A.B. asks: 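Structure below; questions to follow.
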Number of protein chains: 2
Amino acid sequence: MENNKRILLVEDDLNFGAVLKDYLMLNDFEVTLAKNGMEGFEKFKKDVYDLCILDVMMPYKDGYTLAKEIREKNSEVPIIFLTAKSMKEDVLKGYKAGADDYLNKPFDSEVLLMKIKAIIQRKSADTKAEQVQFEFNIGKFHLNSKLRFLTFQDEEPIKLSPKENELLKMLILHENDLMPRELALTKIWRDDNYFTSRSMDVYIAKLRKYLKADEDVEILNIHGEGFRLVVKSKVSE
Amino acid sequence: MENNKRILLVEDDLNFGAVLKDYLMLNDFEVTLAKNGMEGFEKFKKDVYDLCILDVMMPYKDGYTLAKEIREKNSEVPIIFLTAKSMKEDVLKGYKAGADDYLNKPFDSEVLLMKIKAIIQRKSADTKAEQVQFEFNIGKFHLNSKLRFLTFQDEEPIKLSPKENELLKMLILHENDLMPRELALTKIWRDDNYFTSRSMDVYIAKLRKYLKADEDVEILNIHGEGFRLVVKSKVSE
DNA sequence: TTAAATGTTAATATTTGGTTAATGTATTAT
DNA sequence: ATAATACATTAACCAAATATTAACATTTAA
């Protein structure tokens, strides 16, 4: 499975942070570690996370402040605070900053894991409801990228594999424009190297085969740059 | 104001229970107090609550057992456990029984209040969508998901197990559309891992067997995503 | 004109799903 | 208490779907 949950961990104690990160990765989470509030916010802006785990006491920018900034950008993402303090005021402050849960250090890692699972579960439904666009028309084709169906006129839909589907969607979103190779590799393959690049070429070949049904739709290569999905406009009619 | 949030409080220490009830009522909650697990479950069945606060240690029926029974009836309602114990095993047991949060006695009432507010807030959206519908028609079948009866035309009803029932209901609510695997696992199994996933596959097989009676009803798989219950429209008539 | 990039097909590997049966677990009946 | 039962989970084995890699052909840009 590829769609592991992504966690942003912000912890200034590098030693502890690394251990916790390893532990979480061992439990099939993708973990990004930031070593202070500043860096945490930068990383948060750059990517999409399923959960944030924030240390409260950090130099430059404490956990509460970071949480508030995160809430301003994204009001949904679950937040768990880690803290050595267990003073009531701090707990209340945490909840006011939009915490979903609270954990006192030292804590049991198994308990943290349960909390993470509980929280991600109750949030996941909402996150799914986050409907983005999933229906597209391209030439005489129609793509339903939720069901992964590619339909040509009124024929039987062709079933696309996840990668075929993602790649075609990305091409369509760049219709008539360059879709950089690097973009597809980093977003869909999540890695950019010789082999993933070759793999992508294989998928381009597959898509071309499907798209042959409409001669006005073509995937062109821009050498060294990427691909371009063109739809010949029905001009000269 | 009429739409105050309703809390079911189950606590065998009558003194403490009464004090907590008063405190919550002072904060604009409608509180029903039950003094043991049995009574708690009776009251739960009779009414609709926005939140359950359960003491763990109670005679006759402990909080975990009660939580499980509540979960069988209603997988959505948030549950907070109260306990004097703070042993790791108990906390884990609580989360497995479907806890939304956990509070050790003695606790600060203000902290409890914050937790209640945080939990009710994040659930309130779902709660709106909380389907109270329990009768469905699908092809030539009729499902009564309260009695867990699946009836084909005028034959004897098949009795469904709780999981079969929940899963079929969720499929029907997504008729012709994708029902994400993850959704069923987090909502019905309350955990998303290899084994629950396999368990779900077993239940899909069971449902398919029941549904074979009507050849127009089918559960299709969308590889890596989930399942899709389709009803072939009776087109050519 | 040659190295790098791309096109294409096939072989291989990996992941996911279908199904049945065995095992575990809790509840109910005897 | 013990057996019967319902239900859920886990195991086992196989099949299908998907992804990667290899191999070789062709094109492109300096």
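If you're wondering where the values come from, they're calculated on a predicted model, not measured in any experiment. The sequence lines fix the lettering, A, B, ..., with proteins before strands; numbering per chain opens at 1.
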A.B. asks: Name the closest nucleotide to the B:Phe195 side chain, picking from C:dG7, D:dA22, D:dA11.
C.D. replies: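 In terms of side-chain proximity for B:Phe195, the closest of C:dG7, D:dA22, D:dA11 is D:dA11.
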A.B. asks: Hey, is the side chain of B:Trp189 poking within less than 4.0 Å of OP1 or OP2 on D:dA8, counting only N and O atoms?
C.D. replies: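 B:Trp189 to D:dA8 OP1/OP2: no side-chain N or O under 4.0 Å.
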A.B. asks: Counting just side-chain N and O atoms, does A:Ser161 come under 4.0 Å of either OP1 or OP2 of D:dA19?
C.D. replies: yes
A.B. asks: For D:dT9 and B:Lys163 - does any side-chain N or O of the residue sit under 4.0 Å from the phosphate oxygens OP1/OP2?
C.D. replies: yes
A.B. asks: Ignoring hydrogens and geometry, is there a side-chain-to-backbone donor-acceptor pair from A:Asp50 to A:Arg6 under 3.5 Å?
C.D. replies: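 Judged by distance alone, yes, a pair lies under 3.5 Å.
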A.B. asks: Do side-chain atoms of A:Gln153 reach the backbone of A:Glu155 as a donor and acceptor pair under 3.5 angstrom?
C.D. replies: no
A.B. asks: Provide, to the nearest angstrom, the distance between the CZ atom belonging to B:Arg228 and the P atom belonging to C:dG18.
C.D. replies: 14 Å
A.B. asks: For DNA chain C, what residues of residues 202-213 of chain A have any heavy atom nearer than 4.0 Å?
C.D. replies: A:Val202, A:Arg208, A:Lys209
A.B. asks: What's the shortest heavy-atom distance between B:Arg228 and B:Leu178, and which atoms?
C.D. replies: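 B:Arg228 and B:Leu178 have their closest heavy atoms at CG-N, 4.3 Å.
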A.B. asks: Would you call B:Asp214 and B:Lys232 a salt bridge, using N to O less than 4.0 angstrom?
C.D. replies: no
A.B. asks: Looking at every strand, decide which applies to B:Ser199 at a 4.0 Å heavy-atom threshold: base, sugar-phosphate, or nothing.
C.D. replies: base
A.B. asks: Quick one: label B:Asp201 by what it contacts on the DNA or RNA (base, sugar-phosphate, nothing), any heavy atom closer than 4.0 Å.
C.D. replies: base
A.B. asks: Round to the nearest Å and state the distance from A:Phe227 atom CZ to C:dT6 atom C1'.
C.D. replies: 7 Å
A.B. asks: Regarding A:Lys5 and B:Glu182, does a basic nitrogen lie under 4.0 Å from an acidic carboxylate oxygen?
C.D. replies: yes
A.B. asks: A:Val77 versus A:Phe44: any side-chain heavy-atom pair under 4.5 Å?
C.D. replies: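 The answer is yes; the side chains approach within 4.5 Å.
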A.B. asks: Please state how far atom CD in B:Glu218 lies from atom P in C:dG17, giving the value in whole angstrom units.
C.D. replies: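 After rounding, the reported distance stands at 17 Å.
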A.B. asks: If you find the nucleotide of DNA chain D closest to A:Thr196 and the one closest to A:Arg148, which residue's nucleotide is nearer the 5' end?
C.D. replies: A:Arg148
A.B. asks: Please report, rounded to the nearest Å, how far the C1' atom of C:dA26 is from the CD atom of B:Glu69.
C.D. replies: 12 Å
A.B. asks: On DNA chain D, nearest-nucleotide positions of A:Glu164 versus B:Met200: which is more 5'?
C.D. replies: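 Result: B:Met200.
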A.B. asks: Rounded to the nearest angstrom, tell me the gap between atom CG in B:Leu167 and atom P in D:dA8.
C.D. replies: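 For the pair B:Leu167 CG and D:dA8 P, the rounded distance is 11 Å.
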A.B. asks: For the ring pair B:Tyr210 and B:Phe152, is the centre-to-centre distance below 6.0 Å?
C.D. replies: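 That pair fails the under 6.0 Å test.
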A.B. asks: Return the value, rounded to whole Å, for the distance between atom CG of B:Asn221 and atom C1' of C:dG18.
C.D. replies: 9 Å
A.B. asks: To the nearest Å, give me how far apart CG (B:Leu220) and C1' (C:dG18) are.
C.D. replies: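 In whole Å, C:dG18 C1' and B:Leu220 CG are 14 Å from each other.
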A.B. asks: Using whole Å, what does the distance between atom P of nucleotide D:dA8 and atom CG of B:Leu160 come to?
C.D. replies: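 Taking CG of B:Leu160 and P of D:dA8, I get 10 Å after rounding.
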A.B. asks: Taking all atoms of both residues into account, what is the closest heavy-atom pair of B:Leu185 and B:Thr196, and its distance?
C.D. replies: CD2-O, 3.5 Å
A.B. asks: What does nucleotides 23-30 of chain D look like as a protein-contact string, B for base, S for sugar-phosphate only, - for none, at under 4.0 angstrom between heavy atoms?
C.D. replies: -----SS-
A.B. asks: Using a strict cut-off of less than 4.0 Å between a Lys/Arg side-chain nitrogen and an Asp/Glu carboxylate oxygen, indicate whether A:Arg181 and A:Asp201 qualify as a salt bridge.
C.D. replies: yes
A.B. asks: Please confirm whether A:Lys146 makes a cation-pi placement over A:Phe134, using NZ or CZ under 6.0 Å from the six-membered ring centre and within 45° of the ring normal.
C.D. replies: yes
